[in-house]
Amino acid sequence: QVQLVEFGGGSVQVGGSLTLSCEASGFTPDDWYCMAWFRQAKGKEREGVAYIDTKGKRDYADVVKSRFTISQDGAKNKVVLQMNSLKPDDSAMYYCAVADGLCYSWYLDTTAEFNSWGQGTQVTVSS
């Protein structure tokens, strides 16, 4: 069973930056997998933010492209989301998630492919 723990949420002013980290345990060596960040604001549905897989394929939601960067560390069990030029609309609970196998293009459009989730970390952007 994969376990995920997120770090790095907090409060920041508009235009500021935050770095979120997600550490995963329970992977079987040589597994293919897709790691992603989702977010959920109050009263809204959970939405995909970015994903990256063990082959390095990555993609972003249009609303965060050019501002957010997702990356993996060398061991590939840690995913980092660097968030720059933050806006109030970026305020949400951010969740790390893992899906078996590599990422597909539609994976940011659905939570159904992801079978392991972290507990979430809150990001608040104030003006």
Side-chain angles (χ1 to χ4, degrees):
Q1 181 73 25
V2 176
Q3 294 184 324
L4 304 170
V5 180
E6 299 102 335
F7 302 92
S11 297
V12 67
Q13 291 192 325
V14 168
S17 299
L18 280 174
T19 303
L20 305 183
S21 299
C22 173
E23 294 189 7
S25 60
F27 284 126
T28 300
D30 299 327
D31 275 355
W32 298 110
Y33 54 86
C34 174
M35 294 185 76
W37 287 96
F38 285 76
R39 68 186 184 186
Q40 188 167 18
K42 282 186 180 178
K44 294 188 177 181
E45 293 187 355
R46 194 168 295 190
E47 62 177 3
V49 175
Y51 66 55
I52 187 168
D53 66 22
T54 44
K55 279 198 163 184
K57 176 183 176 180
R58 67 195 78 190
D59 199 8
Y60 301 88
D62 288 343
V63 293
V64 306
K65 273 181 183 174
S66 79
R67 300 189 296 122
F68 291 11
T69 302
I70 190 169
S71 60
Q72 287 179 314
D73 72 355
K76 295 192 169 73
N77 68 333
K78 180 178 175 181
V79 172
V80 175
L81 185 70
Q82 176 65 42
M83 306 186 296
N84 298 325
S85 302
L86 284 162
K87 305 175 181 180
D89 283 351
D90 294 318
S91 297
M93 186 72 79
Y94 282 70
Y95 298 91
C96 180
V98 170
D100 294 330
L102 300 176
C103 300
Y104 286 88
S105 59
W106 64 86
Y107 272 25
L108 292 182
D109 300 326
T110 176
T111 60
E113 303 291 345
F114 295 86
N115 47 28
S116 296
W117 293 83
Q119 79 287 355
T121 185
Q122 180 67 40
V123 171
T124 302
V125 184
S126 57
S127 55

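Nothing here was measured: the structure is a model prediction, and the numbers come from that model.
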Inset, instruction - Only pairs at least two apart or in different chains count here, so list each side-chain hydrogen bond (donor to acceptor under 3.5 Å, both in side chains) that has a residue in residues 95-114. - result: D100-N115

Legend entry - N/O donor-acceptor pair under 3.5 Å between S91 side chain and V125 backbone: yes

Legend entry - Side-chain heavy atoms of Y60 within contact of T69, under 4.5 Å: yes

Inset, instruction - Report yes if the side chains of I52 and V79 come closer than 4.5 Å at any heavy-atom pair, otherwise no. - result: yes

Inset, instruction - State plainly whether one hydrophobic cluster holds both V5 and M35, where clusters connect Ile, Leu, Val, Met, Phe, Trp and Tyr through side-chain heavy atoms under 4.5 angstrom apart. - result: no

Inset, instruction - Answer yes or no: does atom CD of Q13 have more than 12 heavy-atom neighbours from other residues, nucleotides or ligands under 6.0 Å? - result: no

Inset, instruction - Taking all non-hydrogen atoms of both residues into account, name the closest pair between V2 and G26 and its distance. - result: CG2-O, 4.2 Å

Inset, instruction - Give the minimum heavy-atom separation between I70 and R58, together with the two atoms involved. - result: O-NH1, 2.8 Å

Inset, instruction - Please examine the side chains of M83 and R67, heavy atoms only from C-beta on, and report whether any two atoms are closer than 4.5 Å. - result: no

Legend entry - Under 3.5 Å: donor-acceptor pair, side chain of E6, backbone of C22: no

Inset, instruction - Could you walk me through whether L102 and K57 pass the side-chain contact (heavy atoms from CB on, under 4.5 Å) test, one step at a time? - result: CA-CA 8 Å; L102 300 176; K57 176 183 176 180; over 6 Å; no

Legend entry - Residue pair Q1 / S116: nearest heavy atoms and the distance that separates them: NE2-OG, 4.0 Å

Legend entry - D90 bridged to K87 by N-O distance under 4.0 Å: no

Inset, instruction - Check the hydrophobic clustering (I, L, V, M, F, W, Y; side-chain heavy atoms under 4.5 Å; chains of links allowed) and say if F7 and V98 are grouped together. - result: no

Inset, instruction - Among Y33, F38, W37, find the one that has a ring pair (Phe, Tyr, Trp, His ring centres under 6.0 Å) with F114. - result: F38

Inset, instruction - Decide yes or no on side-chain contact (heavy atoms from CB on, under 4.5 Å) for D53 and Q72, but give the supporting numbers first. - result: CA-CA 9 Å; D53 66 22; Q72 287 179 314; over 6 Å; no

Inset, instruction - Considering non-hydrogen atoms only, spot the tightest contact between L4 and Q119 and give its length. - result: O-OE1, 3.7 Å

Inset, instruction - Measure the shortest side-chain to side-chain distance between W117 and C96 over non-hydrogen atoms and say whether it is less than 4.5 angstrom. - result: no

Legend entry - Any residue meeting side-chain hydrogen bond (donor to acceptor under 3.5 Å, both in side chains) with N84, in chain and number order, not counting sequence neighbours: S17, Q82

Legend entry - Closest approach of V80 to S21 (non-hydrogen atoms, all atoms of both residues): CG2-OG, 4.1 Å

Inset, instruction - Determine, stepwise, if the pair L108 / Y51 fulfils side-chain contact (heavy atoms from CB on, under 4.5 Å). - result: CA-CA 7 Å; L108 292 182; Y51 66 55; 3.6 Å; yes

Legend entry - Heavy-atom closest contact (L86 atom, V12 atom, distance): CD1-CG1, 3.6 Å

Legend entry - Within-4.5 Å side-chain heavy-atom neighbours: L81 and F68: yes

Legend entry - Straight-line distance of K42 NZ to M93 CE, nearest 0.5 Å: 9.0 Å

Legend entry - Spacing of R39 atom CZ and E45 atom CD [to the nearest 0.5 Å]: 14.0 Å

